[in-house]
> 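Just dropping this structure here.
Values reported hereafter were calculated over all heavy atoms of this structure, with side chains retained and with hydrogens, waters and symmetry mates removed.
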Amino acid sequence: MTIQVNLKQPVILEEVDSEILVVAGCALGFVAPRQPPHVLHVDDGTEMSSYGVKGDDLLVLVDGRDTRTMVHKEVADALRSAKEVVFERPKLLVAGAAEEDLAAVGDVRTAGLDSGVAGFPPMAIATREPPAAVSADGQAATARRD
């Protein structure tokens, strides 16, 4: 799903720190160079919230320029004069479940299979229970509820 946002001019951009920018009520986090900025938070009642931008969306285009080819400073400079930005909503990878099905399930948490395990992509696990504790060696700790 993509979300196209036509920004009101002038664009107000706040650089919170070296890894966070806020534009039109949307906090963007920079994870790594040449990776699209992630939406950390969207304030209610703001320009971005009116378009349906949500946490974890990815900023992929600024006036047609791919953010994956830009470093933090280039993204910030482009946003200052931007007229249009495009976000993508990452798809949840849950075996056999559509995104709309997950809304009825409850809490969705990401279970990280790190890149050190070849052939296993990250996946999401839908659960109503709090996440299980994980020990330092990566093994799940189980707790009994009586």
Side-chain angles (χ1 to χ4, degrees), residues 1-135 138-142:
M1 173 181 178
T2 59
I3 303 163
Q4 180 178 331
V5 176
N6 296 311
L7 294 170
K8 293 178 185 171
Q9 300 297 313
V11 174
I12 299 171
L13 181 77
E14 177 188 355
E15 293 193 54
V16 175
D17 62 28
S18 65
E19 296 177 356
I20 299 174
L21 294 175
V22 178
V23 60
C26 176
L28 299 168
F30 291 83
V31 179
R34 312 243 184 247
Q35 294 293 317
H38 290 68
V39 174
L40 303 173
H41 176 77
V42 179
D43 291 333
D44 291 335
T46 62
E47 185 176 359
M48 291 293 188
S49 71
S50 70
Y51 282 92
V53 176
K54 297 182 179 182
D56 293 330
D57 287 348
L58 304 173
L59 175 63
V60 293
L61 297 172
V62 177
D63 286 337
R65 289 185 60 200
D66 189 338
T67 59
R68 292 167 285 209
T69 66
M70 305 161 78
V71 295
H72 176 102
K73 183 180 180 336
E74 292 171 315
V75 173
D77 290 345
L79 283 171
R80 282 188 180 85
S81 61
K83 293 182 179 17
E84 177 187 273
V85 293
V86 176
F87 293 88
E88 283 184 2
R89 180 144 309 141
K91 296 212 183 274
L92 297 174
L93 302 174
V94 177
E99 185 173 343
E100 53 272 11
D101 295 336
L102 294 174
V105 173
D107 191 17
V108 176
R109 302 193 186 274
T110 300
L113 292 174
D114 66 19
S115 59
V117 182
F120 292 92
M123 59 185 207
I125 299 172
T127 177
R128 289 191 183 274
E129 297 295 323
V134 178
S135 64
Q139 299 299 314
T142 58

> What is the distance from atom CG of D17 to atom CD of E14, rounded to the nearest 0.5 Å?
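Rounded to the nearest 0.5 Å, the CG-CD separation comes out at 10.0 Å.
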> Is F87 close to V39 at the side-chain level, that is, under 4.5 Å between some pair of heavy atoms?
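They are in side-chain contact.
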> Kindly indicate whether the side chain of L7, heavy atoms from C-beta on, has any atom under 4.5 Å from the side chain of E47.
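Yes. Closest side-chain heavy atoms under 4.5 Å.
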> Side chains of L58 and P90, heavy atoms from C-beta outward: is any pair under 4.5 Å?
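L58 reaches P90 side chain to side chain.
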> Do F30 and V71 have side chains that approach each other closer than 4.5 Å (heavy atoms only, starting at C-beta)?
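F30 does not reach V71 side chain to side chain.
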> Determine, step by step, whether V11 and R80 satisfy the side-chain contact (heavy atoms from CB on, under 4.5 Å) criterion, reporting the C-alpha distance in whole Å, the side-chain angles of both residues, the deciding distance to 0.1 Å, and the verdict.
CA-CA 6 Å; V11 174; R80 282 188 180 85; 6.0 Å; no
> With the side chain counted from C-beta on, respond yes when D66 and M70 share a heavy-atom pair under 4.5 Å apart, and no when they do not.
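Result no, sub-4.5 Å side-chain heavy-atom pair not found.
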> Determine the minimum heavy-atom distance between C26 and V42, stating which atoms define it.
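Residues C26 and V42, closest heavy atoms: SG-CG2, 4.2 Å.
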> Between K83 and N6, is the side-chain contact (heavy atoms from CB on, under 4.5 Å) condition met? List the steps.
CA-CA 6 Å; K83 293 182 179 17; N6 296 311; over 6 Å; no
> How long is the straight-line distance from OG of S50 back to CG of D44, given to the nearest 0.5 Å?
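If we round to the nearest 0.5 Å, D44:CG and S50:OG are 11.5 Å apart.
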> How long is the straight-line distance from CD of E74 back to OG1 of T69, given to the nearest 0.5 Å?
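It comes to 7.0 Å.
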> Using a strict 4.0 Å threshold on nitrogen-to-oxygen distance, state whether D63 and R65 make a salt bridge.
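Looking at R65 together with D63, the answer is no, because their closest N to O distance does not fall below 4.0 Å.
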> Working to the nearest 0.5 Å, report the span between CG of L13 and CG of D77.
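Reported to 0.5 Å precision, the distance equals 9.0 Å.
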> Taking side chain as C-beta onward, heavy atoms only, is L28 less than 4.5 Å from V23?
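Yes, their side chains come closer than 4.5 Å.
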> Which value, rounded to the nearest 0.5 Å, describes the distance between D56 atom CG and L40 atom CG?
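Nearest 0.5 Å value for the CG-CG distance: 8.5 Å.
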> List the atom of H72, the atom of S18, and the distance in Å for their closest heavy-atom pair.
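What the structure gives for the nearest pair is CE1-O, 3.2 Å.
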> Hey, are the side chains of T67 and P37 touching, using non-hydrogen atoms and a 4.5 Å cut-off?
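When only atoms from C-beta onward are counted, P37 and T67 do touch, with a gap below 4.5 Å.
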> Quick one: do K54 and D57 make a salt bridge, cutoff under 4.0 Å?
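A salt bridge is absent here (no side-chain N lies under 4.0 Å from a carboxylate O).
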> Any non-hydrogen side-chain atom of R68 less than 4.5 Å from a side-chain atom of V60?
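The answer is yes; the side chains approach within 4.5 Å.
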> Could you tell me the separation between the CD atom of E84 and the CG atom of L61, rounded to the nearest 0.5 Å?
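Interatomic distance, E84 CD to L61 CG, rounded to 0.5 Å: 8.0 Å.
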> On a heavy-atom basis, which atom in V85 and which in A82 lie closest, and how many Å separate them?
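Between these two residues, the closest heavy atoms are CG1-CB, 4.4 Å.
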